[in-house]
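Okay, so here's the structure we're looking at.
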Amino acid sequence: MIVRTRYAPSPTGYLHVGGAWMAFFNWLFVRHSRGQFVLRVEDTDRSRSTEAFEAAILEDLRWLGLDWDEGPDVGGPYGPYRQTERSGLYQQQARSLLEKSAAYLCYCTPEELDAERQRAVAEHRPYRYSGRCRDLSAADRDRLAAEGRRPTLRFRVPSGHPAIVVHDLVLGRVEFNPEDLDDFIIQRSDGTPLYNFANVVDDRAMRITHVLRGSEHLSNTPRQFLMYEAFGWDHPQVAHLPVLLGVDRKKLSKRHGDTAVREYAAQGYLPEALVNFFALMGWYPEDGRELFTIPELIERFRIEEMGRSAAIFDTQKLDWLNGVYMQGALRRSPDRVVDLVIGCLQREGLLDGQVSPERRAYVAQVVAILGERLRLPRDILTYGDFFFRDDVVYDPQAVQKHLKGAEMADLLRYLQRALAAAKKFDREAIEAAVRGAAAERGVESKVVIHPLRVALTGKTVGPGLFELIEVLGKERVLARLARAITLIESAGSSAAATG
RNA sequence: GCCCCCAUCGUCUAGCCCGGUCCAGGACAUCGGCCCUUCAAGCCGGUAACGCGGGUUCGAAUCCCGCUGGGGGCACCA
């Protein structure tokens, strides 16, 4: 048997990490099983679905490297893959349930149902549909229709049905009492299908063998199983994966902000880091290994090893993982890292839209000397913004610590002369000049190194000083030193004036 | 309120099925130290968890029951 799974997003928003995480495990499971992955767009809620969101979701899945064998864009033998294009099928199947009396027309209006619901809440009892339209005669239906009511189609939960047992691949055996279920609507009064129904019809029509979904759907399972039964179909295997929680311990949703996959892409996260991180939430190999390539993940994944408890989406570890993958990318394809960093600098307005080859080479140099400090592209801001600003932004604390006093101005002036005199301006020559100057002034190297760093970069953290000076170039180094000297002297004189 | 799921360090988790090898292991984060021109990295070390109560057993993180806590669901949303 060929394993077939599906991911069925509804295009009512951007793909968020919770959805991506689900898609990932469907994909991982099916790739491990050498099966087929189907993408189905659940756009039956037409008021909230848009084509733009659909396109965006596909794009984000592709960015993550999750490929599908059948879907709205590539087609396939069981298409179409958009629910709005399958209405004929739903209507046909709805009719079949109606004919079997497994479903019935319900003429209750939303207002009436709402009132029933509110009454139930007020009386502290669980709301269940009254079943008012369960046994309507043809005459009743004609009368109700004559009032202008458009009926919905309700599924008839068989009475006296034995317990519904779900053998979940992750949760194990879960039992539901059919008495707790009421007749539910499967088709709106406008004839469009509802999620539960469309899901069953499509999963069957698309030959889906395994349904991996979030455990928020567990309570839908008995209803769906009942429908499979009414149709006389076997149901697919189900597996309910834990829900992903935000740091507030609530189900991850758009409300959490910054949970859209494209936001991570925009921030320059590496898709392979995100995917590796996804794998570690809910699934962990016994040996405690954490870094996996995609093929390794596919090879080692076992759905039986899936965890059952909800996990909190906490990005601390993701940032670390991204750093690890960044180092790999830096070694194998530095251009890729340079692109990401350029994107970040552009968003911050530190780089123009049009990047010349020279400018690009310069960024590459900066990236090279930043090395392992780059975990995320934005780290370039904390460690190397001064490479891209005309004026150094001085960190007040750094200045306070290293850039004050007349002797310091003197020392910097001395350094300025030493650097100006340097014939070559490469790393070795710079180091020789700086250390030489320190020796001539009879001080330890670090006594000049720290102030020099602050004078040139405005901060106490960053790449190696000599490399940084080389990349900055003689002209800018001398200019910045001059400015720092003026800064110290004006601070000194104003202090003297006020003191 | 009703139904269902879950429960090990702050976080992701290993161990649980097949009780002893677990005064609970790893990773991220955090705190110290080393290294070093700074930071980061690296290396060394530390803090930190079996929710509670009952059983069963010679022995329970592991099995059973209850409680508590957390989460999800109860739509003409998906």
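The chains referred to below are lettered A, B, ... by the order of the sequence lines, with proteins before strands, and numbering in each begins at 1.
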Determine: side-chain N/O of [X] to OP1/OP2 of [N], distance under 4.0 Å, yes or no.
X: A/Arg308; N: B/rG70; result: no
X: A/Arg117; N: B/rA75; result: yes
X: A/Lys317; N: B/rU13; result: no
X: A/Arg173; N: B/rC5; result: no
X: A/Thr44; N: B/rA78; result: yes
X: A/Arg188; N: B/rC77; result: yes
X: A/Arg249; N: B/rG10; result: no

Can you tell me how the ring of A/Phe24 sits relative to the ring of A/Phe278, calling it parallel under 30°, perpendicular over 60° and tilted otherwise?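 Tilted.
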
Can you find a donor-acceptor N/O pair under 3.5 angstrom joining the side chain of A/Ser219 to the base of B/rC3? no

Check whether the side chain of A/Tyr284 and the base of B/rC12 form a donor-acceptor pair under 3.5 Å.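 Indeed there is one.
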
Nearest-angstrom distance, C1' atom, B/rA27 to B/rG66: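 That atom pair is separated by 36 Å.
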
A/Glu470 with A/Arg427: basic N within carboxylate O range, under 4.0 Å: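 Salt bridge between A/Glu470 and A/Arg427, a charged N being under 4.0 Å from a carboxylate O: no.
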
Would you say the side-chain atoms of A/Gln224 and A/Thr221 include a donor-acceptor pair closer than 3.5 Å? no

